[in-house]
S.K.: 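Pasting a structure below so you can have a look.
Just the heavy atoms: all of them, side chains too, but no hydrogens, waters or symmetry mates, feed the values below.
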Amino acid sequence: MSRFSALIAVSLLVILCATAAGCGKGEPLGPAADDAAPEESQTPHSTAESPPASDRPGTIARVVKVTDGDTIRVLLPDGSEEAVRYIGINTPELDQPFGREAREANASLVEGKQVLLVRDVSERDPYGRLLRYVYADEVFVNAELVRRGFAQAATYPPDVAHADEFLELQRQAQAEGAGLWAPAPQAPPGIPWDQAASHAGKTVTVHGPVAGTKYASSSKGKPTFLNLGTDYPDPRRFTVVIWGQYRSNFPSAPETFYRGKTIAVTGVIEIYKG
């Protein structure tokens with residue numbers, strides 16, 4: 001089962017019915033931090049066998065919050081706080097698959113610690129966050145997250161000092177099936193769509209081809225219907241209902257993304273209006 005099919009199975013309120021239709025990038029730390037004459041240090045090496053990010057010394061700061069897999073908040077030597085976005089990598093958002101795991105990996109490396117922030121070329125990204133390479137306990141954090149498979153390489157010129165290194169680490173993680181690159185789990189044992197009616201009231205996994213779809217954007221709850229096996233108005237059809245509030249969990253509109261594909265979905269089967 002693909003990661004996105006699995007997403008239907010575990011993250012949506014799904015009604016299953018067998019017989020009816022109802023059913024970033026910036027330059028050195030800003031003037032305030034520079035004027036405060038922060039402590040300077042030579043950049044340590046990464047466990048990912050990275051050379052120093054820059055010949056320039058960096059700025060020592062204390063991590064006060066781990067926002068997600070590639071963003072932290074730090075306390076600078078002048079007493080100010082700044083959001084810091086890791087250069088050259090990207091991790092899933094917290095509400096996306098593997099987002100929380102990426103945040104936990106980041107936290108295990110930097111939470112509550114003193115870190116070294118090293119710039120590339122740019123100062124800030126479009127959201128005002130400082131863009132830095134981050135080092136903690138002699139570990140090059142940006143590189144380590146990619147090496148473990150918790151982040152993807154994401155190159156945005158002119159900040160490219162470690163672009164080749166990150167890409168090579170990503171290739172290694174993919175080859176090892178680490179983190180994000182782990183093989184999708186196999187579909188659990190299930191039943192074909194045309195046997196669903198005999199399992200009403202039970203939680204089971206149903207699989208079948210998506211014969212037709214519809215997004216009822218003007219209806220209450222804005223449901224999306226995926227009809228398995230046969231399409232509306234055939235009363236034999238098996239319908240998966242995705243309520244509008246969950247559409248954002250999908251990589252694209254589910255009525256388009258799943259049309260013509262074979263999917264597996266887990267949930268409680270209900271008979272709706274016969």
S.K.: Examine distances only and state if a side-chain atom of D120 and a backbone atom of V160 form a donor-acceptor pair shorter than 3.5 Å.
M.R.: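 Side chain of D120 to backbone of V160, a donor-acceptor pair under 3.5 Å: yes, one is there.
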S.K.: Working to the nearest 0.5 angstrom, can you tell me the gap between L94 CG and E101 CD?
M.R.: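 So the gap between those two atoms works out to 10.5 Å.
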S.K.: For the residue pair E165 and A143, what are the closest heavy atoms and their distance?
M.R.: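 Minimum heavy-atom separation between E165 and A143: OE2-CB, 3.7 Å.
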S.K.: Give the minimum heavy-atom separation between P92 and A102, together with the two atoms involved.
M.R.: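 For P92 versus A102, the nearest heavy atoms are CD-CB, 4.3 Å.
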S.K.: Please list all pairs passing the salt bridge (Lys or Arg N to Asp or Glu O under 4.0 Å) test where one or both residues lie in residues 200-221, with sequence neighbours left out.
M.R.: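 Checked against salt bridge (Lys or Arg N to Asp or Glu O under 4.0 Å) - neighbours excluded - no pair reaches residues 200-221.
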S.K.: Any heavy-atom pair between the side chains of V118 and Y135 that's under 4.5 Å?
M.R.: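 Answer yes - side chains close enough.
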S.K.: Could you walk me through whether R100 and E104 pass salt bridge (Lys or Arg N to Asp or Glu O under 4.0 Å), step by step?
M.R.: CA-CA 6 Å; R100 295 193 178 278; E104 291 171 4; over 6 Å; no
S.K.: Hey, does F250 have a side-chain heavy atom less than 4.5 Å from the side chain of Y258?
M.R.: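 They are in contact (side-chain heavy atoms under 4.5 Å apart), so the answer is yes.
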S.K.: Does the structure place the NZ or CZ of R237 under 6.0 Å from the centre of the six-membered ring of F225, at an angle of no more than 45° from the ring's axis?
M.R.: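 Not flagged: R237 not positioned over aromatic ring of F225.
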S.K.: Taking the side chain as C-beta and beyond, is there a heavy-atom pair between R103 and V66 under 4.5 Å?
M.R.: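 Of all side-chain heavy-atom pairs linking V66 with R103, at least one is under 4.5 Å.
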S.K.: Compare every heavy atom of H199 with every heavy atom of Q195, then report the nearest pair and how far apart it is.
M.R.: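 Taking every non-hydrogen atom into account, O-CD2, 3.1 Å.
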S.K.: Can I87 be reached from L167 by stepping across I, L, V, M, F, W or Y side chains whose heavy atoms are under 4.5 Å apart?
M.R.: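 No.
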S.K.: Using every non-hydrogen atom in the two residues, find where S219 and P223 come nearest and quote the distance to one decimal.
M.R.: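 The pair with the smallest heavy-atom distance is CB-CD, 4.0 Å.
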S.K.: Is the shortest side-chain heavy-atom distance between V210 and L228 below 4.5 Å?
M.R.: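 Yes, at least one pair of side-chain atoms sits under 4.5 Å.
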S.K.: Search all heavy atoms of G221 against all heavy atoms of W243 and return the closest pair with its distance.
M.R.: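 In terms of heavy atoms, the two residues are closest at O-CE3, 3.7 Å.
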S.K.: Is any side-chain heavy atom of R247 closer than 4.5 Å to one of E255?
M.R.: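 In short, these two side chains touch, coming nearer than 4.5 Å.
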S.K.: Which heavy-atom pair separates V206 from A196 by the least distance, and what is that distance?
M.R.: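 Heavy atoms only, the tightest pair is CG2-CB, 4.5 Å.
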S.K.: Between the main-chain N or O of T91 and the side-chain N or O of D70, is there a donor-acceptor pair closer than 3.5 Å?
M.R.: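 Checked: pair present.
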S.K.: Would the distance check show the side chain of Q96 and the main-chain N or O of E93 forming a donor-acceptor pair, the cut-off being under 3.5 Å?
M.R.: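 Such a contact is found between Q96 side chain and E93 backbone.
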S.K.: Does the side chain of V134 reach to within under 4.5 Å of the side chain of V74, using non-hydrogen atoms?
M.R.: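 V134 does not reach V74 side chain to side chain.
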S.K.: Return the CD to CZ distance between E176 and R147, rounded to the nearest 0.5 Å.
M.R.: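 E176 atom CD to R147 atom CZ measures 8.0 Å (nearest 0.5 Å).
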S.K.: Please test R148 against L109 for side chain to side chain contact (heavy atoms under 4.5 Å, CB included), starting from the C-alpha separation and ending with a verdict.
M.R.: CA-CA 12 Å; R148 295 186 187 182; L109 294 170; 3.5 Å; yes
S.K.: Does a side chain donor of either Y86 or N106 reach within less than 3.5 Å of an acceptor in the other side chain?
M.R.: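 On atom types as modelled, these side chains qualify, holding a pair under 3.5 Å.
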S.K.: State the CG-CZ distance between D194 and R236, to the nearest 0.5 angstrom.
M.R.: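 The CZ atom of R236 is 9.0 Å from CG of D194, to the nearest 0.5 Å.
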S.K.: Between V240 and Y215, is there a shared hydrophobic cluster once you connect ILVMFWY residues whose side-chain heavy atoms come closer than 4.5 Å?
M.R.: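 No, separate clusters.
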S.K.: Donor-acceptor pair, Q170 side chain versus A153 backbone, under 3.5 Å?
M.R.: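 Flag set: sc Q170 to bb A153 pair under 3.5 Å.
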S.K.: If you round to the nearest 0.5 Å, how far is CZ of R129 from OG1 of T71?
M.R.: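 Those atoms lie 4.5 Å apart.
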S.K.: Any side-chain heavy-atom pair from Y127 and R85 closer than 4.5 angstrom?
M.R.: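 They are not in side-chain contact.
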S.K.: Test side chain to side chain contact (heavy atoms under 4.5 Å, CB included) on N142 and F166 and set out the steps.
M.R.: CA-CA 8 Å; N142 309 50; F166 294 160; 3.7 Å; yes
S.K.: If you round to the nearest 0.5 Å, how far is CG of D231 from CG of L226?
M.R.: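 The distance works out to 10.5 Å.
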S.K.: Do T266 and T203 have side-chain heavy atoms sitting under 4.5 Å apart?
M.R.: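 Side-chain contact under 4.5 Å: yes.
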S.K.: What's the spacing between F238 CZ and H207 NE2 if we round to 0.5 Å?
M.R.: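 Rounded to the nearest 0.5 Å, the CZ-NE2 separation comes out at 10.5 Å.
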S.K.: Can you hop from L75 to V63 via hydrophobic side chains spaced under 4.5 Å?
M.R.: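 Cluster IDs for L75 and V63 differ.
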S.K.: Is it true that atom NZ of K113 has more than 12 heavy atoms of other residues, nucleotides or ligands lying nearer than 6.0 Å?
M.R.: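 Above 12, so yes.
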